[in-house]
Amino acid sequence: MKRVHVRLQWSPQEIVDVGQLASDGRTTVFEYADTFVRSELPLSPFRLPVEPGLQEYRDDRMFGPLPGLFDDSLPDGWGMLLMDRQMRQRGIDVRTVSPLDRLTYLGTRTMGALTYHPAEDAGQASDRVDLATLGEQASEILAGDTNEVLPALAAAGGSAGGAGPKVVVGVRGDELIAGDQDLPDGFEHWLVKFFADADDGDAGRVEHAYLAMGAAAGIAVPATRLFVVDNGKAYLGVRRFDRAAGNRRWHMHTLSGLLHATHRAPSVEYDALLAVTERLTQDHRVVVEAFRRMVFNVASYNRDDHTKNFSFLMDRDGRWSMSPVYDLTLANGPGGEHTLAVAGEGRAPGREHVLSVARQAGIAETEADAVIEDVNAATARWEEFAAASGVGDRMLQEVRAAIRKL
C-alpha cells in the first residue's frame with residue numbers, strides 16, 4: 001500500500017504529526033497518531049472524527065477517491081491540469097499517478113495547514129513573477145496551444161483550488177514572487193486570478209466590484225486589489241485567508257469536504273450550510289453571516305454557489321469560524337439555477353424562500369429582515385462599485401439587469 005504521513009503545520013516552527021494515510025487503489029485507510037488523538041483537535045468532525053484505530057474509506061464515485069479532509073488539499077480543474085502538464089514534462093504517465101502521489105507532489109505547498117510527506121522539495125520563494133507573461137501562458141494552456149509549463153507558472157500555479165487559472169504569489173507593494181512556499185519577511189500571501197479570454201477582460205473587475213458590494217452588505221471580505229498589466233488586462237488579487245504573518249497557517253475545510261457533498265452537481269441546500277455553521281462554530285452570529293451570504297447570492301445572481309465555495313477555518317485551539325467570502329460574481333449554476341437551492345427552490349428563490357431558511361436555522365424574522373435590507377441597500381449601489389472597479393458598460397448593464405431586490 002502507498003503510505004503518506006500527514007502533518008499539521010501551524011507555522012514553520014510548529015508542526016504536529018496528524019497520522020498516516022494509506023491506499024491500495026481501492027480502499028483508503030487513515031489512522032490518527034496517538035499524540036494527535038490526545039489533542040482532540042476536530043480536523044474533520046463529521047466524516048473523520050478524531051479517535052484511535054484505522055478508519056476506512058472506500059472510493060465514493062459521487063464524491064471522490066479520498067476522504068474530504070484530504071480531498072480539500074488537492075487542486076481543482078486548473079491546478080490539476082497544471083500538475084498533469086508538469087508531470088508529463090518529467091516523463092511521468094499521469095494514468096499511473098494516484099491521489100496520494102498528488103498529495104506528496106504538493107507536499108508543503110498546500111492550501112490550508114495540512115502537509116504531506118515524504119514531500120517533494122519545495123525550495124524557497126524568491127523568483128520574481130511577471131503577471132502579464134504568466135497570464136498569457138495560462139491562456140495558451142487553457143486553449144491547448146502549448147504543452148510547456150514555464151518554471152515560474154509551475155512554481156506559482158499548482159496548489160490553488162477552483163476551475164479557473166490562477167497563481168499564488170507573495171506580494172510586497174508592487175513586487176511579486178512565486179508564493180507556493182514560505183515567504184521572505186515583508187511579503188504577504190496573495191492569490192491572483194487570470195480568468196479566460198472569453199470574459200472580455202472584464203471578469204476581474206466585475207468580481208472586484210462584487211467583493212466591494214459584498215463588504216457593503218456586511219459580509220466578511222478579504223483584502224483585494226486589481227493588478228493591471230501592460231496589455232491592459234486587470235487581474236483580481238485576493239489576500240489569502242489561510243495564511244498570516246510569519247508564514248502562519250490556518251486549517252481550512254470546505255463544506256464539500258466536511259460533508260462529502262460533491263461540488264460538481266447539486267448535492268445539498270442552503271439549510272445544510274447553516275446547520276453545519278451552527279454545529280461547527282456554535283455561534284449564532286456566524287450562522288447569521290452564512291445566511292447573509294445566501295441572501296447576497298440570491299440578490300446578486302451568484303448561482304455558482306457550490307459546496308467548495310464555502311469554507312471554514314480552525315485555529316490551533318480547535319475553534320472554528322467561517323472563512324472570508326470568495327468567488328462572488330455574476331454566475332450561472334447548473335441549468336441556470338442556484339447550486340445550493342433555497343428552501344427547495346433553485347430557479348427563482350424569493351423573499352419567502354429566504355425567510356423559510358432563516359426560520360429553520362433559528363434566525364428571528366426581524367433579524368432576517370435586517371439582513372435582507374442590508375443586502376438590498378448594497379446591491380442598489382452596484383453602479384457605484386462597478387465604476388470604482390472600472391467595469392465596462394456591457395457588464396455593468398448585464399449585472400444591473402440580473403440584480404433582484406428581495
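As a basis for the values below, the full set of heavy atoms in this structure was taken, side chains included, without hydrogen atoms, waters or symmetry mates.
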Expected output: side-chain [X] to main-chain [Y] donor-acceptor under 3.5 Å:
X	Y	value
R248	A245	yes
T254	G257	yes
R347	G335	yes
R351	L406	yes
D374	V371	no
E207	T329	no
S23	G25	yes
N247	S11	no
R249	G112	yes
N332	R303	no

Can you name the residues that form a side-chain contact (heavy atoms from CB on, under 4.5 Å) with [X], not counting sequence neighbours?
X	value
A275	none
R285	D283
W320	P42, P45, H251, H253, L280, T281, F312, M314
Q282	none

Evaluate the side-chain proximity of [Y] to [X]: yes if any heavy-atom separation is below 4.5 Å, no if none is.
X	Y	answer
V295	R292	no
V238	L236	yes
P324	V221	no
I403	Y301	no
F291	E367	no
V129	V167	no
V16	R7	no
Y105	M87	yes

Looking at [X] and [Y], does any basic side-chain N land under 4.0 Å from a carboxylate oxygen?
X	Y	value
K193	D327	yes
D71	R47	no
E188	R172	no

Out of curiosity, [X] [atom1] to [Y] [atom2], how far, rounded to the nearest 0.5 Å?
X	Y	atom1	atom2	answer
D304	N309	CG	CG	5.5 Å
R102	L66	CZ	CG	10.5 Å
I219	M213	CD1	CE	9.0 Å
L258	T307	CG	OG1	10.0 Å
M322	L255	CE	CG	8.0 Å
K166	D76	NZ	CG	7.5 Å

Start with the C-alpha distance between R109 and V168, add both sets of side-chain angles, then the distance that settles side chain to side chain contact (heavy atoms under 4.5 Å, CB included), and finish with yes or no. CA-CA 10 Å; R109 299 177 298 116; V168 287; over 6 Å; no

How far apart are the closest heavy atoms of [X] and [Y], and which atoms are they?
X	Y	value
T108	T115	CA-CG2, 3.8 Å
V287	A361	CG1-CB, 4.2 Å
A234	V228	CB-CG2, 4.1 Å
V37	V50	CA-CG1, 3.6 Å
T28	P67	CG2-CD, 4.2 Å
A343	H353	CB-O, 3.7 Å

Is the number of heavy atoms from other residues, nucleotides or ligands within 6.0 Å of [atom1] ([X]) greater than 12?
X	atom1	answer
N231	CG	yes
R279	CZ	no
R264	CZ	no

Evaluation steps, side chain to side chain contact (heavy atoms under 4.5 Å, CB included), between D202 and V391: CA-CA 6 Å; D202 229 10; V391 175; 3.8 Å; yes

Residues two or more places apart in sequence or in another chain: which of them pass ring pair (Phe, Tyr, Trp, His ring centres under 6.0 Å) with H263?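 With sequence neighbours excluded, H263 shows a ring pair (Phe, Tyr, Trp, His ring centres under 6.0 Å) to H306, given in chain and number order.
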
With Y57 via ring pair (Phe, Tyr, Trp, His ring centres under 6.0 Å) - residues at least two apart: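 Result, ring pair (Phe, Tyr, Trp, His ring centres under 6.0 Å) vs Y57: H260.
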
According to the ring-ring contact (aromatic ring centres under 6.0 Å, His included) rule, which pairs have a member within [range], sequence neighbours left out?
range	result
residues 25-46	F30-Y32, F30-F70, Y32-F36
residues 216-246	F194-Y235, F241-Y326
residues 382-406	Y210-W382

Tell me every residue that passes salt bridge (Lys or Arg N to Asp or Glu O under 4.0 Å) with [X], counting only those two or more places apart in sequence or in another chain.
X	result
R225	D174
R205	none
K405	none

Establish, from distance only, whether the side-chain atoms of [X] and [Y] form a donor-acceptor pair under 3.5 Å.
X	Y	answer
T110	Y116	no
H284	E289	no
T366	D369	no

After noting the C-alpha distance and the side-chain angles of E383 and R381, does the key distance pass the salt bridge (charged side-chain N to carboxylate O under 4.0 Å, His left out) rule? CA-CA 6 Å; E383 293 188 11; R381 297 168 57 195; over 6 Å; no

Pair R359, L355 - check side chain to side chain contact (heavy atoms under 4.5 Å, CB included), show working. CA-CA 6 Å; R359 285 191 295 271; L355 291 175; 3.9 Å; yes

